Protein chains: 2
Amino acid sequence: MITSTTGPQPADFADVRATNLAVVLRFVREHAPCSRADIAASTGLNKATVSSLVADLIDRRLVRETGLTENRVGRPATMLVLDGSPYAAIGVEINVDHVSAVATGLAGERLLTWRRAFSAGGSAGQDVAAVAAIVRRVVGRMARDERQVLGLAVAVPGLVDVQGVVRLAPNLGWRDADIGGDLAKALRDPGFTVQVDNDANLAALAEQRFGARAGAADLVYLTGEIGVGAGIILDGRLRRGALGYSGEIGHVQLDPDGPACRCGRRGCLEAVAGIGAVLGRDLSPAEIPVEIEDTVRAARAGDAAVLAALDAAGRSLGRGVSVLANLLNPEVVVLGGYYVPLAPWLLPAVREEVSGRAIAPEGGGCEVVASTLGLDAAALGGAARVLDSVDSGRLPGGISRIS
Amino acid sequence: MITSTTGPQPADFADVRATNLAVVLRFVREHAPCSRADIAASTGLNKATVSSLVADLIDRRLVRETGLTENRVGRPATMLVLDGSPYAAIGVEINVDHVSAVATGLAGERLLTWRRAFSAGGSAGQDVAAVAAIVRRVVGRMARDERQVLGLAVAVPGLVDVQGVVRLAPNLGWRDADIGGDLAKALRDPGFTVQVDNDANLAALAEQRFGARAGAADLVYLTGEIGVGAGIILDGRLRRGALGYSGEIGHVQLDPDGPACRCGRRGCLEAVAGIGAVLGRDLSPAEIPVEIEDTVRAARAGDAAVLAALDAAGRSLGRGVSVLANLLNPEVVVLGGYYVPLAPWLLPAVREEVSGRAIAPEGGGCEVVASTLGLDAAALGGAARVLDSVDSGRLPGGISRIS
């Protein structure tokens, strides 16, 4: 159904066709293997239209026929599945000390996961050159595998506006930097789109598409790094706010008398439940994984001081999550980053605080879980964002079946 | 454009026609006076289709022709405007000590604004009977004016789930009450839909349609009563959360060492910036308007103690609004209810806190303003919700032009 926010029907028939191609592609993604008749029955498009759309998607090598036939009365139907073998979606995540890159195929299958050392804090120009070098190698690898890149989305820990300009990324030392434009230039017009988004936003998209709670309509992802950010999905879509700055939960004040925060204020969520606060001291990015391992070991061994510290950190984090539960009533809040290895000890306290602090019965049904996507969730989310573009109708150009 | 959340095109042609009727109706609402050619040019629907749709809308008396013609080259066009003279939308707001009712026409013009004493806290059954009596009188009045009621939406201060069941309305003493169903029964199948929603949600819809910032895509409305609730509009739509319990900002804790809250916790927004806290003491609903008048008089006279108290209350409220600014990055936060008469003294402190506490530059562009809709905003929002239903395709049945 066309809703009031989506407005009147598209004015030209090319748009209608692109929209319908995307409808069929999404149907095959969700229901494969399926027949042309299944598509027609479920979408309300007539059979001739479906046949023509499927032929187009086969031409573009987005869909292919399988030998399978449905086991049913009447003429056996040729079944369709996603193809996408000639395509790749790339996501890149820029951190203070490393860059992660992920490439997936059209169905979301992982083609590549890289992590490369990187030292931010030269000029944004130097940083972009370093990132571009990594992207070029990923693109080269895809080319060797005969895959065309559908697009690139870059995750940045900071304020990214709705145009994709990085307004402020304190840990990278960037301000008002058009990283997407600069990267496209450094890649010398690569022939695919380059998008830039906040890391928590992209990680939330990764959860929506690939996570344990994929498909949840109301989901919030919380990054668990030195900083803490939220990616907010409501009614099935990322909600960026008016300028793109939503999700800055790290600087919601939980306690006016709390410890000093890097932002200059006191008692922000980040200052009481960021990974530095969880581990009990300021750490360099390189020290964190080592310290996490030590903490996990001590917690497993039943070290009372460590267990008490994790419980206290979990309570602070739970107070932050309860703000989300009261304000947004999400179905699920996913803890990411370094919260994941510590989740067995954080989650009980977090859940207790949420159910105790949410005004709705039983926390408004809000579950809190640890991410299952690993530390590169934002990079994976970059690939998810590229696939979202394809699913909403930005299809790669047709490839001749003869060539 | 059909988006991925709205799914495939509707399967049957009646749906397509209803959708297109709604598209044309919305176009006339926003662009009247306009011609059939204008509609065709802007919607992409062909002229014959537009003519047929307009004829249908004229039959239903939702649109009418005017004598006006456009001043242009060629054949003069008959201009169209909203009609709706035979229709009314009704909104009702239930409060502890009164019920407000608003009726509007199709274009949103006020037909009636009533406020009737009401004493909640009998059984929900008795309360429903009292509300039904008021609604019957409103419907009777509309019938005398030869207007058919398009629908009724009822605002309740409390947790209302997505099915419209009131899960908890502490001030009314209601729990798990299907007020909508009970009201429809008490009205003996009135021939229009009865919807129930949270008061802050409906007031936000009123702001979106009728307020000084009408049309803002990212807007939050804050009720300013003994309790404080938020209605959250993001990307043009009310966001209710997974179960309908979003917007419970009143019980977001701003200070763990703050004053006790009615909910049993400490330092909730409501306890530090609800209207009782603003006025400095617990008051019965009947006392509040008197006390507000006294406070306004004292503030105007420059009473230093009152000015300091309002500044302090504004700072607390600003801390709450800054949580919204950081998490949701709204374009505007509208203060409603009893905050409105006090706004000249509250707003400077609120704005200062928001710009000081939001991590995005300049508060992420978040403006804070006082509502211009008066104390019955939620009742008006009920009417807005009924009009939203019409705009999204739930049209009243055709009325023959001959009858």
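What you see is a predicted model, and the numbers here were worked out from it, not measured in a lab. Below, read A as the first sequence line, B as the second, and so on, with proteins coming before strands; counting in each chain starts at 1.
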Any side-chain heavy-atom pair from [X] and [Y] closer than 4.5 angstrom?
X: B:I359; Y: A:L168; answer: no
X: B:P256; Y: A:P256; answer: yes
X: B:L328; Y: A:L328; answer: yes
X: B:Q253; Y: A:S322; answer: no

By a 4.5 Å heavy-atom criterion (distance strictly below it), what part of [X] contacts chain B: side chain, backbone, both, or neither?
X: A:D161; answer: neither
X: A:A360; answer: both
X: A:I249; answer: both
X: A:L243; answer: both
X: A:L238; answer: backbone
X: A:D218; answer: side chain
X: A:L254; answer: backbone
X: A:R357; answer: both

query = At a heavy-atom separation under 4.5 Å, does B:A358 approach chain A through its side chain, its backbone, both, or neither?
reply =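 Just its backbone gets close to chain A.
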
task = Indicate yes or no for a side-chain donor-acceptor contact from A:R265 to the backbone of B:G356 under 3.5 Å, with no hydrogens or angles considered.
result =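 Yes, the answer is positive, given that a donor and an acceptor are paired below the 3.5 Å cut-off.
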
note = Closest non-hydrogen contact found for B:G364 with A:Y245 is CA-CD1, 3.9 Å

inquiry  = Do the side chains of A:R239 and B:D235 get close enough for a salt bridge, i.e. N-O under 4.0 angstrom?
reply    = yes

message = Taking every non-hydrogen pair under 4.5 Å, which of A:L219, A:V252, A:V24, A:D388 racks up the most with chain B?
response = A:V252

message = Below 4.5 Å, heavy-atom pairs only: which of A:R319, A:E331, A:R167 has the largest tally toward chain B?
response = A:R319

Inter-residue atom distance A:R240.CZ - B:N329.CG, 0.5 Å rounding =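 Between A:R240 CZ and B:N329 CG, I get 12.0 Å after rounding to 0.5 Å.
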
task = Take B:L327 and A:L324, measure what side-chain contact (heavy atoms from CB on, under 4.5 Å) needs, and give me the verdict at the end.
result = CA-CA 9 Å; B:L327 267 187; A:L324 294 170; 3.9 Å; yes

